Amino acid sequence: MYRTTIQDLYRWKQKADRKPLIIRGARQVGKTWLMKTFGAEAYKSTVYINFDNNNSIKQLFTGGFDIRRIIMGLELHAGFNITKNTLLIFDEVQETPEALTALKYFNEEAPEYHIICAGSLLGVALHGGTSFPVGKVEFLDMYPLSFIEFLQAMGREKFAELIMACDFAMLSAFREVLIDLLKQYYYIGGMPEVVSDFSQGRDFNRAREIQERILIAYEQDFSKHAPLEIVPRIRLLWNSIPAQLTKENKKFIYGVIKEGARAKEYELALMWLADCGLVHKIHRATAPRLPLKAYEDVKAFKLFMLDVGLLSCMVRLRQNILLDGNDLFREFKGALTEQFVLQQLATLKIPTYYWTNDRNSAEIDFLMDTGDTAVPMEVKAETNLQAKSLRVFRQKFNPKTAVRASMADYSVVEGLVNLPLYALNSISDL
């Protein structure tokens, strides 16, 4: 299985001012696999340390921050000398706060060592008061497989190449095949274990079983790691996301969680889910001006899940309804499509917001900050290209470029780019 994120690791390795790297991401998105694979490919040797229930290594870091002493201890643990061509991997690093603090001293006193860390609950640990080496580390966010990576895992590398080359003429010739693959992705999603198993057996039922295990593991994390008093609220909020996304106006409404629910009651629960990487929080921008962050409405936001496949699993969407286009699926199709789009934009590292007018009579699904301009995107689940809100937005703000993502073929008409959903990963090049 190929992950495009590994190219970021190669770039990190070559940097002259390289700092210890922390990979952030939810459980089971492939952080450990990525680190080990990179170590095997790019270094002569790798020292892998998992801080979860590893008392001897914890004691090594709690004994002070003498880097030579720590390296000696790691060499004794590994059974060989650590050199400049050794990759040090610290997994579940949040379990030993002193190991996080030690990264500061590695950066200042021994920058020759190559260190990559990961922690599924790192954000939670930091909010719990763990000291952090601010300015002494770098970050890399990791997500489930994108649609491009899914195609590669399915043995459809040529289609992935066509998308990245923006060869829309050739893509249009195979649109039915690509739409079928896209619908498979809506069902399977991008969790590595699910994709790996499905790529070998093409068994939709097994995929659901694995997704259900992942969802159960996440719920167990709620009870194991979150403060007991907010666990019920985390569960209620988490389970409300599908209903939130099905609404015509997808702004997050606390009342959907539970009648009479208030924001202040669920702030910690929401923060916990975000810190774990289980949700994407997309804020409303009051105006399409750069930087969009400066026009962020902190009280208005949409909430998306980590993965489109997990979302379809949560609502028990059957494969025949998804793949055959059953009318019963009509109401939820838009929710899955928006989840898919947001997931791809996150993978592409495009800062994303949404926009509504003051009366909430017009809404732009996504507003992308390209660094040069704010690009609006309207999302359509099928080939219906009527987009009243996008028309209102263009008349009001006159953006140079606008995007409409749908199942229709690629075209550009007066600054409006009609982009097929299956080719969404080409948007950075466009």
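Just so it is clear, the model here is predicted, and its values are computed rather than measured.
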Can we say Arg175 and Asp409 salt-bridge, meaning some charged N sits less than 4.0 Å from an Asp/Glu carboxylate O? yes
All heavy atoms of Leu245 vs all of Lys250, minimum pair found to be O-CE, 2.8 Å
Decide yes or no on salt bridge (charged side-chain N to carboxylate O under 4.0 Å, His left out) for Arg11 and Asp8, but give the supporting numbers first. CA-CA 5 Å; Arg11 284 190 287 270; Asp8 294 313; 2.5 Å; yes
How about Lys396: does its NZ atom have over 12 heavy atoms from other parts shown lying under 6.0 Å from it? no
Cys117 and Val93: which non-hydrogen atoms are nearest, and at how many Å? CB-CG1, 4.1 Å
May I ask you to say whether Lys251 pairs ionically with Glu363, meaning some side-chain N is under 4.0 Å from a carboxylate O? no
Which value, rounded to the nearest 0.5 Å, describes the distance between Ile350 atom CD1 and Ser428 atom OG? 4.0 Å
Point-to-point distance, once rounded to the nearest 0.5 Å, from CD1 of Ile427 to CG of Asp429: 10.5 Å
In sequence, state the C-alpha distance, the side-chain angles, and the governing distance for Ile179 and Met407, and then conclude on side-chain contact (heavy atoms from CB on, under 4.5 Å). CA-CA 8 Å; Ile179 289 173; Met407 292 296 191; 3.9 Å; yes
Using the side-chain contact (heavy atoms from CB on, under 4.5 Å) criterion, which residues pair with Asn357? Sequence neighbours excluded. Trp355, Arg359, Ser361, Ala362
Under a 4.0 Å N-O cut-off, is there an ion pair linking Arg18 with Glu138? no
Cut-off 3.5 Å, side chains only: do Arg208 and Ser312 have a donor facing an acceptor? yes
Residues, nucleotides or ligands: over 12 heavy atoms within 6.0 Å of Lys247 NZ: yes
Does a donor on one side chain and an acceptor on the other come within less than 3.5 Å for Ser411 and Asn418? yes
Please report the interatomic distance CG(Leu268) to CG(Asp275), rounded to the nearest 0.5 Å. 10.0 Å
What do the steps show when you test Leu367 against Thr352 for side-chain contact (heavy atoms from CB on, under 4.5 Å), and what is the final call? CA-CA 6 Å; Leu367 195 59; Thr352 305; over 6 Å; no
Side-chain donor or acceptor of Thr286 paired with backbone N/O of Tyr295 under 3.5 Å: yes
When you look at NZ of Lys158, are more than 12 heavy atoms from neighbouring residues, nucleotides or ligands closer to it than 6.0 Å? no
Check for a donor-acceptor pair, side chain of Arg284 on one end and backbone N or O of Glu296 on the other, with a separation under 3.5 Å. no
Output yes when a side-chain donor or acceptor of Lys380 lies under 3.5 Å from a complementary backbone atom of Gln386, and no otherwise. yes
Taking Lys19 for the side chain and Gly135 for the main chain, is one N or O donor matched with an acceptor at less than 3.5 Å? yes
Quick check on Asn53: does its CG atom have over 12 non-hydrogen neighbours (other residues, nucleotides or ligands) under 6.0 Å away? no
Can you see whether Arg235 engages Ser223 through a side-chain donor-acceptor pair at a distance of less than 3.5 angstrom? yes
Check: Tyr354 ring centre within less than 6.0 Å of Phe301 ring centre: no
Tell me the closest heavy-atom pair linking Leu145 and Ala153, and the distance in Å. CD2-CB, 4.5 Å
Using a 3.5 Å distance criterion without hydrogens, assess whether the side chain of Gln244 forms a donor-acceptor pair with backbone atoms of Ile253. yes
Between Tyr422 and Tyr185, is the ring pair (Phe, Tyr, Trp, His ring centres under 6.0 Å) condition met? List the steps. CA-CA 10 Å; Tyr422 55 75; Tyr185 182 78; over 10 Å; no
Could you tell me whether the side chains of Tyr2 and Gln7 share a donor-acceptor contact shorter than 3.5 Å? yes
Checking the side chain of Ser196 only, and the main-chain atoms of Pro192 only, is there a donor and an acceptor separated by less than 3.5 Å? no
Determine whether the side chains of Tyr218 and Gln28 contain a donor N or O and an acceptor N or O closer than 3.5 Å. no
For Gly25, is there any backbone N or O sitting under 3.5 Å from a side-chain donor or acceptor partner on Lys31? yes
Sub-3.5 Å donor-acceptor pair from the side chain of Thr373 to the main-chain atoms of Asp369, do we have one? no
Donor on one side chain, acceptor on other, Thr4 and Glu149, under 3.5 Å: yes
Can we say Glu108 and Lys136 salt-bridge, meaning some charged N sits less than 4.0 Å from an Asp/Glu carboxylate O? yes
ring-ring contact (aromatic ring centres under 6.0 Å, His included) with Phe61: of Phe90, Phe106, Tyr105, only one passes, and it is Phe90
Do you know which two heavy atoms are closest between Ile234 and Leu273, and how far apart they sit? CG2-CD2, 3.8 Å
Between CG on residue Leu278 and CG on residue Asp307, distance to nearest 0.5 Å: 11.0 Å
Under 30°, 30 to 60°, or over 60°: which ring-plane class applies to Tyr254 and Phe252, parallel, tilted or perpendicular? perpendicular
Flag the pair Glu338 and Lys302 as a salt bridge only when some basic side-chain nitrogen lies within less than 4.0 angstrom of an acidic carboxylate oxygen. yes
Are a donor atom and an acceptor atom from the side chains of Tyr143 and Gln344 found within less than 3.5 Å of each other? no
Check for a donor-acceptor pair, side chain of Arg202 on one end and backbone N or O of Ser199 on the other, with a separation under 3.5 Å. yes
When you look at Tyr187 and Gln211, which way does the side chain to side chain donor-acceptor pair (under 3.5 Å) test go after all the steps? CA-CA 10 Å; Tyr187 188 94; Gln211 288 167 336; 5.9 Å; no
Leu416 and Leu390, any side-chain heavy atoms less than 4.5 Å apart: yes
If we check salt bridge (Lys or Arg N to Asp or Glu O under 4.0 Å) with Glu193, which of these qualifies: Arg27, Arg206, Arg213? Arg213
Where do Ile89 and Thr46 land on the side-chain contact (heavy atoms from CB on, under 4.5 Å) test, with the steps shown first? CA-CA 7 Å; Ile89 299 175; Thr46 300; 3.5 Å; yes
With heavy-atom distances below 4.5 Å as the criterion, would you say the side chains of Asn425 and Ser146 are in contact? yes
Quick one: are Lys281 and Leu270 in side-chain contact, heavy atoms under 4.5 Å? yes
Please report the interatomic distance CE(Met305) to CG(Leu310), rounded to the nearest 0.5 Å. 5.0 Å
Distance col, row Glu41:CD vs Leu9:CG, nearest 0.5 angstrom, shows 9.5 Å
Check the orientation of Phe340 and Tyr186. Use parallel for under 30°, tilted for 30 to 60°, and perpendicular for over 60°. tilted
For Asn50, give me all partners under side-chain contact (heavy atoms from CB on, under 4.5 Å), at least two apart in sequence or on another chain. Tyr48, Asp52, Asp91, Glu92
Hey, would you say the Phe366 and Tyr353 ring centroids sit under 6.0 Å apart? no
Main-chain N/O of Ala99 paired with Thr96 side-chain donor or acceptor, under 3.5 Å: no
Hey, mind stepping through Thr86 and Tyr43 against side-chain contact (heavy atoms from CB on, under 4.5 Å) and telling me if it holds? CA-CA 6 Å; Thr86 300; Tyr43 292 84; 5.8 Å; no
For Phe159 and Phe174, I'd like to know if the aromatic rings sit close, meaning centre-to-centre distance below 6.0 Å. yes
